[in-house]
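Notes follow once the structure below has been shown.
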Number of protein chains: 4
Amino acid sequence: MNADRESELAPGTRAPRTQGERRAQAERSLLDAAVQLIAERGIERFTLAEVGLRAGYSSGLPAHYFGRKDALVAAVARTITERFGDDLERHLVLKPGLDGLLATAAFYLDSAAADPQTARALSVLLGESLHRPDLLAEIARINRLGTAELERQLAYGIEQGRIRADLDVPSEAVLILAGLRGTIAQWLADPEGLRIEALRDAFLANLRRSLAA
Amino acid sequence: MNADRESELAPGTRAPRTQGERRAQAERSLLDAAVQLIAERGIERFTLAEVGLRAGYSSGLPAHYFGRKDALVAAVARTITERFGDDLERHLVLKPGLDGLLATAAFYLDSAAADPQTARALSVLLGESLHRPDLLAEIARINRLGTAELERQLAYGIEQGRIRADLDVPSEAVLILAGLRGTIAQWLADPEGLRIEALRDAFLANLRRSLAA
Amino acid sequence: MNADRESELAPGTRAPRTQGERRAQAERSLLDAAVQLIAERGIERFTLAEVGLRAGYSSGLPAHYFGRKDALVAAVARTITERFGDDLERHLVLKPGLDGLLATAAFYLDSAAADPQTARALSVLLGESLHRPDLLAEIARINRLGTAELERQLAYGIEQGRIRADLDVPSEAVLILAGLRGTIAQWLADPEGLRIEALRDAFLANLRRSLAA
Amino acid sequence: MNADRESELAPGTRAPRTQGERRAQAERSLLDAAVQLIAERGIERFTLAEVGLRAGYSSGLPAHYFGRKDALVAAVARTITERFGDDLERHLVLKPGLDGLLATAAFYLDSAAADPQTARALSVLLGESLHRPDLLAEIARINRLGTAELERQLAYGIEQGRIRADLDVPSEAVLILAGLRGTIAQWLADPEGLRIEALRDAFLANLRRSLAA
DNA sequence: TATGAATGAGCTTTCATTCAT
DNA sequence: GATGAATGAAAGCTCATTCAT
């Protein structure tokens, strides 16, 4: 679990030489460590010093790079949402419409199952954003990203005649995203008691029925 | 919004006389104030002193009653869930089956709309419970409460032939609760941009379709 | 160990009737409880509420009787020294001179062995008096009491020709008292590892030799 | 009396350069300040902030270094006993037997006379150790140190025929240490009223007589 | 008289942030 | 650039003390 500077290098690659490369890598390690710590303890209960030490650097480095703790947290939020957004885009370009929509939903749930720590960190950030205006900006981005994609797919599916036309598209997009988020949170709260695959299958079945033209 | 000791008394009533009454009332006021503060600022960013002062008492009283901040937070969680559980029970005894299920879902969303502060506090507690084992116990209670009721209604609806029988009932119950929670959270994050009534109608329409026999 | 209000009454006696008697008994119980607590935890680490509860009364009674904590501690010091002084006097009136001196020394050590809790409380008070001017007054009393008695006996022994006449009597009295106090403290710090009887016998043997005419 | 960071440097020396030196010096200054404060006010009545400020640093530094107050107090106890043990060793290697024993006793009393503040702090710690199990460990060390040395000297004196052979050596060692401790405490409680030199001379005379072969 | 509710000051402890090396 | 020493504000918690009943 403990991030290690070198372990992320592919075998045979050399340690990065330039200052810029070293800085970028250190920054990445710090952000990874921060994700872990946010998932484990929440935003308020980890210290900058811990982030540095867990990333394999000194206790002072996070402050040196990010200045204030808020900035580190914001960077974490941005990193998570950007990574997720990139992954999402790569997955979805090909399948618009109902199939794309179902694939998107499946992708959310599968991503959480594949990397629960990041999912947990994101859930924590979503929860905290309810009372932290500074986080809201970042969270609003990912919300827009998610709902925009869903709206696009819903509209396409309606156009194709595979999704019922009487939908309130914006509300529907919010509800789908909300359902995915809620399902992931519920699973993270009790990963032993719930089977994510069963939830996923039921979620997709529900979705198919509620959207059917 | 600011809780005041006397303002909760019906006009004309006298201040409580016995020590027990004084204590009980103080405790209630403190819990109310804590709900407000958790909704506004989250668990880590309110102080015990603020709770006391906002409730109209001294800064030391919350610590005097609850001992540790954790215990106050746990008491808040328990209070919210008990109140909600009581309200829920009162609403639902009469209508089992599909209609009861839809009424339950509507009740969740209507409750949030009627008392957004408490809904916000609960959402915050749900988020924090992901990394606070001491809160998980309290949250697990309300989860069981919610899913048990939903499972009961699903089973009854299947028996009646109004809900499709091929459902994975436990997963479905989790998904419905998750959808409600996620929807409320989404709305709380952007109450200006979203209309809770529209979300509610769309949610119920979806639910009806996805459960239809 | 827990003081009980009634248990100190001889069987068959009635509970005290008058306010004065009840008050006196309550005060005694509180002081006993305070002695125990000082022995166990020192002056700063017991609370007034504990004293009341341990004595079988309410948490507020010590404050009600003694006003401030300092006053309670002073009362404890005075009680211990008075009780000890009374016992000492009763023991020593009969034997002046060298034999009386040896009996006095034995009495100190035997008292500690018989009631280690009180001895511990007194040792604690002696230690604290080094940096608490308010306690010094009380402690000075018991010091004067002890050294005066020892000086009297030393003088008498010299007069009788049984104690060497080249003694510095005041210093000798201080040394004897200091030796007794130090020995008791040493034993209290390690009652398992040291045998008080052996220390007592050796102490008396030393004393006899160092004083011999 | 007030410790000052720079005042301990020999004139002309530069302030320490390396981080390690800065830290070590700060730690020493903090411990010195803590010794003073314990002597003046006891363990419970000084604050960590005072230690830092009196040492010429910030109020937060003691907590930063020692973590908890208990740890600072334990470090003080260890420092005092180590310093004393070192001094003692340097003094005593040369003279075993009766003369060494008398020299040891004299050294205890002379040390107290030379540095009453440290003696007072040690007396306070000894007193508090009666009800602070965490301190007992440290105090047990210095007790063993003292009695072991005394036992060694007693045994040597007996072997040489200059100390009476019917002694209970372990008890005698405890009594000597107890007498020294008690005498110092007595003097510290009333330094104006007592002359340490007179006590010292009388102590040594007594010791000589009670041990004489 | 006796109880215990309530106050608020003071402490330990944590840690973001600054700064010297 | 990187380290970690040092600062000082903030908050939880304790509890002597006051006061209503």
- prompt: To the side chain of D/S59, which of F/dG8, E/dT13, E/dA16 is closest?
  reply: F/dG8
query: OP1 or OP2 of E/dA5 less than 4.0 angstrom from a side-chain nitrogen or oxygen of B/R22, does that happen here?
result: no
message: Strictly below 4.0 Å, N to O, side chains only: are A/R132 and A/E138 in salt-bridge contact?
response: no
message: Distance check needed: E/dA20 P versus D/Y57 OH, whole Å only.
response: 14 Å
query: Counting side-chain heavy atoms from C-beta on, which of E/dT1, F/dC13, E/dT7 comes nearest to B/A63?
result: F/dC13
message: I need the NE2-P distance between D/H64 and E/dT18, as an integer number of Å.
response: 16 Å
message: Between C/G60 and B/G67, which residue's closest nucleotide on DNA chain F lies nearer the 5′ terminus?
response: B/G67
- prompt: Counting any heavy atom closer than 4.0 Å, what does C/F46 reach on the DNA or RNA strands: base, sugar-phosphate only, or nothing?
  reply: sugar-phosphate
message: With a 3.5 Å limit on both atom pairs, tell me what F/dT21 is paired to, counting Watson-Crick and G-U wobble, or say none.
response: E/dA2
query: Is D/E50 salt-bridged to D/R54, cutoff N-O under 4.0 Å?
result: no
- request: Take the protein atom CD1 of D/I43 and the nucleotide atom P of E/dT12, then report the distance between them rounded to whole Å.
  value: 12 Å
- request: Counting heavy atoms from C-beta on, name the nucleotide in E/dT12, E/dC15, F/dA16 closest to the side chain of D/L48.
  value: E/dT12
- prompt: Between atom NZ in C/K69 and atom P in E/dG10, what is the gap in whole Å?
  reply: 16 Å
query: Contact class for D/F66 (heavy atom, under 4.0 Å): base, sugar-phosphate, or nothing?
result: nothing
query: Roughly how far, to the nearest 0.5 Å, is the CD1 atom of B/I38 from the CZ atom of B/R45?
result: 14.5 Å
- prompt: Looking at NE2 of B/H131 and CZ of A/R120, how far apart are the two atoms once the value is rounded to the nearest 0.5 Å?
  reply: 9.5 Å
- request: Measure from the side chain of D/S58, starting at C-beta and using heavy atoms only, and say which of F/dT3, E/dA2, F/dT7 lies closest.
  value: F/dT7
- request: Check whether any side-chain N or O of A/R68 sits under 4.0 Å from OP1 or OP2 of E/dA16, and answer yes or no.
  value: no
message: Expressed as a whole number of angstroms, how long is the span from B/R23:CZ to E/dT3:P?
response: 17 Å
Interatomic distance where CZ belongs to D/R45 and P belongs to E/dA9 [whole Å]: 19 Å
task: Report the distance from atom CG of C/L30 to atom P of E/dA2, rounded to the nearest whole Å.
output: 10 Å
message: Quick check for you: among F/dT17, E/dT14, E/dC15, whose closest atom lies nearest to any side-chain atom of A/T47?
response: E/dC15
task: State which of E/dT3, F/dT3, E/dT17 makes the closest approach to the side chain of C/L61.
output: E/dT3
field: Gap between atoms CZ and C1', on A/R41 and E/dT14 respectively (whole Å)
entry: 13 Å
message: I'd like to know if the side chain of D/K69 reaches the main chain of D/P62, judged simply by a donor and an acceptor atom lying under 3.5 Å from each other, with no hydrogens or angles considered.
response: no
